Amino acid sequence: KRAKLVAAGVDPATLNVALCKDSAGNGHAVLAVDLPDATYILDNQTDEVKPWGMVPYRWDRVSIGGSFLEWRAIER
């Protein structure tokens, strides 16, 4: 999904990987897309695109600025 969005012209700095736990407690990664109005989650477990606060995950950390070298913890 990330590669397709970049190829379509989306700024890579707005595309971050977020690490979380799903409802079963399993580790999971999703693509977080930062847009002016909200951050949206693209998830391989659903076809729906939802705002960050509308997905049922326990967040752990998210990459910063589209880089996989810098991460920030997500406060619970």
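Just the heavy atoms: all of them, side chains too, but no hydrogens, waters or symmetry mates, feed the values below. Just so you know, these numbers come straight off a predicted model, no measurement behind them. We count residues from 1, following the sequence as given.
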Quick one: pull up NZ in Lys50 and CD1 in Ile41 and give me the separation to the nearest 0.5 Å.
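Result: 11.0 Å between the selected atoms.
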
Restricting to non-hydrogen atoms, name the atom on Arg58 and the atom on Asp22 that form the minimum distance, rounded to 0.1 Å.
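In terms of heavy atoms, the two residues are closest at NH2-O, 4.0 Å.
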
Which heavy atom of Trp52 sits nearest to which heavy atom of Ala32, and what is that distance?
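So the minimum-distance heavy-atom pair works out to CZ3-CB, 3.9 Å.
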
Determine yes or no for a side-chain-to-main-chain donor-acceptor pair under 3.5 angstrom, with Arg61 supplying the side chain and Val17 the backbone.
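Flag not set: sc Arg61 to bb Val17 has no pair under 3.5 Å.
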
Heavy-atom count check: over 12 atoms from other residues, nucleotides or ligands less than 6.0 Å from Asn26 CG?
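Atom CG in Asn26 is packed in, count exceeds 12.
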
Heavy atoms, side chains only, cut-off 4.5 Å: are [X] and [Y] in contact?
X	Y	result
Pro12	Val6	yes
Asp43	His28	yes
Val33	Leu42	yes
Trp59	Val30	yes
Val62	Ile74	yes

Side chains of Asp34 and Thr14: any donor to acceptor distance under 3.5 Å?
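Result is no, nothing qualifies.
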
Strictly by modelled atom types, are Asp60 and Tyr57 linked by a side-chain donor-acceptor pair under 3.5 Å?
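There is no such pair (donor and acceptor under 3.5 Å, judged by atom type) between the side chains of Asp60 and Tyr57.
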
Please work out which of the three classes, parallel, tilted or perpendicular, describes the rings of Phe68 and Trp71, given edges at 30° and 60°.
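Trp71 vs Phe68 ring planes: tilted.
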
Which residue is it: Leu31, Asn16, Leu19, Leu15? I am looking for the one with a side chain to side chain contact (heavy atoms under 4.5 Å, CB included) to Ser63.
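Single side chain to side chain contact (heavy atoms under 4.5 Å, CB included) partner of Ser63 among Leu31, Asn16, Leu19, Leu15: Asn16.
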
